[in-house]
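Residue numbers count from 1 along this sequence.
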Amino acid sequence: MYNKLKQFKDNQELVSIFSDYRDTDCFSVGYVLSIDETFYIIEHISPMGRLDGYSFRLVDDIFKFESNNTYMNDISMLFKYFNQKRVNDINRGLSPTEGILEFAKSHNKICTIELCNSDRDDVVGFIEEYSETTITIKSIKKDGIYDGEAIINVEQIIDLSYGREEHQKIEILYNLKNKKFMD
């Protein structure tokens with residue numbers, strides 16, 4: 001799957017990626033921004049053709065790709081209709097791991113992180129700092145309330161996502177509750 005995923009990245013081709021063995025009808029649509037032998041970064045496109053954040057995922061979890069079908073063509077048309085602008089500098093020559101961590105930290109966006117194949121968001125919050133082995137997260141509950149600090153092992157990350165609609169809600173609640181947007 002790695003070679004085909006690399007081809008989608010190199011050609012900047014819109015692709016559906018199936019990687020959830022528990023729900024084989026579930027897939028992500030987007031553009032592959034970065035890849036190595038272990039991880040890839042996808043720039044998500046919503047069913048309405050709008051940018052919908054980024055995810056960092058395991059290459060080995062992929063079991064199916066789809067491209068150039070009617071659904072993908074419709075998403076592409078909507079993407080152009082809404083004049084969406086793609087991000088091209090997410091990894092800036094870094095590995096996918098470093099690229100997504102640096103991008104999320106520098107843009108100060110809420111992230112969700114799945115650890116150890118838990119199939120849930122184990123950590124939600126802002127990346128404060130990271131190294132090759134650990135990430136320190138300013139934890140934020142789903143209702144936007146600060147909830148301390150979490151330090152996680154980089155090697156246990158299965159999925160790291162940010163900028164998605166669900167993250168935007170938490171971030172807005174956090175900002176409103178901390179009066180960042182209030183008069």
Sequence neighbours left out, what passes side chain to side chain donor-acceptor pair (under 3.5 Å) with [X]? Give chain and number order.
X	answer
Ser67	Glu13
Glu66	Lys64, Asn69
Glu165	none
Asn83	Lys85

From [atom1] ([X]) to [atom2] ([Y]), nearest 0.5 Å:
X	Y	atom1	atom2	answer
Ile35	Phe8	CD1	CZ	10.5 Å
Ile152	Cys116	CD1	SG	9.5 Å
Leu160	Cys111	CG	SG	5.0 Å
Ile110	Lys138	CD1	NZ	8.5 Å
Ile113	Ser161	CD1	OG	9.5 Å
Ile41	Ser34	CD1	OG	4.5 Å

Who else is in the cluster with Phe79 when I, L, V, M, F, W and Y are joined by side-chain contacts under 4.5 Å?
Leu14, Phe18, Tyr21, Phe27, Val29, Tyr31, Ile45, Leu51, Phe63, Tyr71, Met72, Ile75

Can you find a heavy atom in the side chain of [X] that is under 4.5 Å from one in the side chain of [Y]?
X	Y	answer
Ile127	Leu101	yes
Ile145	Lys177	yes
Phe65	Met1	yes
Asp159	Phe56	no
Lys4	Val15	no

Go through it in stages, so that I can follow the logic: the residues are Phe39 and Val59, the test is side chain to side chain contact (heavy atoms under 4.5 Å, CB included), and I'd like the CA-CA distance, side-chain angles, deciding distance and then a yes or no.
CA-CA 5 Å; Phe39 294 103; Val59 172; 5.5 Å; no

Minimum heavy-atom separation for [X] to [Y], with atom names?
X	Y	answer
Glu102	Tyr130	OE1-OH, 2.8 Å
Val154	Ser131	CG2-O, 3.8 Å
Val32	Lys9	O-CG, 3.4 Å
Gly49	Leu78	CA-CB, 3.7 Å

In chain order, what residues pass the side chain to side chain contact (heavy atoms under 4.5 Å, CB included) check against [X], with sequence neighbours excluded?
X	value
Ser28	Ile42, His44, Arg57
Lys169	Leu173
Ile151	Thr134, Thr136, Glu149
Met77	Asp74

For Asp52, does its backbone N or O pair with a side-chain atom of Arg164 as donor and acceptor, under 3.5 Å?
yes

With a 3.5 Å distance limit and no angle check, can you tell me whether Asp121 reaches the backbone of Val124 through a side-chain donor-acceptor pair?
no

Among all residues two or more places apart in sequence or in another chain, which pass the salt bridge (charged side-chain N to carboxylate O under 4.0 Å, His left out) test with Lys109?
Glu171

By salt bridge (charged side-chain N to carboxylate O under 4.0 Å, His left out), which residues pair with Asp25, not counting sequence neighbours?
none

Does anything in residues 110-119 pair up under side-chain hydrogen bond (donor to acceptor under 3.5 Å, both in side chains), and if so which pairs, sequence neighbours excluded?
Arg22-Asp119, Thr112-His167, Ser118-Asp122

Quick check, are the ring centers of Tyr40 and Tyr2 under 6.0 angstrom apart?
no

Using the side chain to side chain contact (heavy atoms under 4.5 Å, CB included) rule, take Gln12 and Arg86 through it: C-alpha gap first, then chi angles, then the decisive distance, then the call.
CA-CA 11 Å; Gln12 288 301 289; Arg86 300 213 28 241; 2.7 Å; yes

From CA spacing to verdict: side chain to side chain contact (heavy atoms under 4.5 Å, CB included), Asp20, Thr24
CA-CA 6 Å; Asp20 187 346; Thr24 57; over 6 Å; no

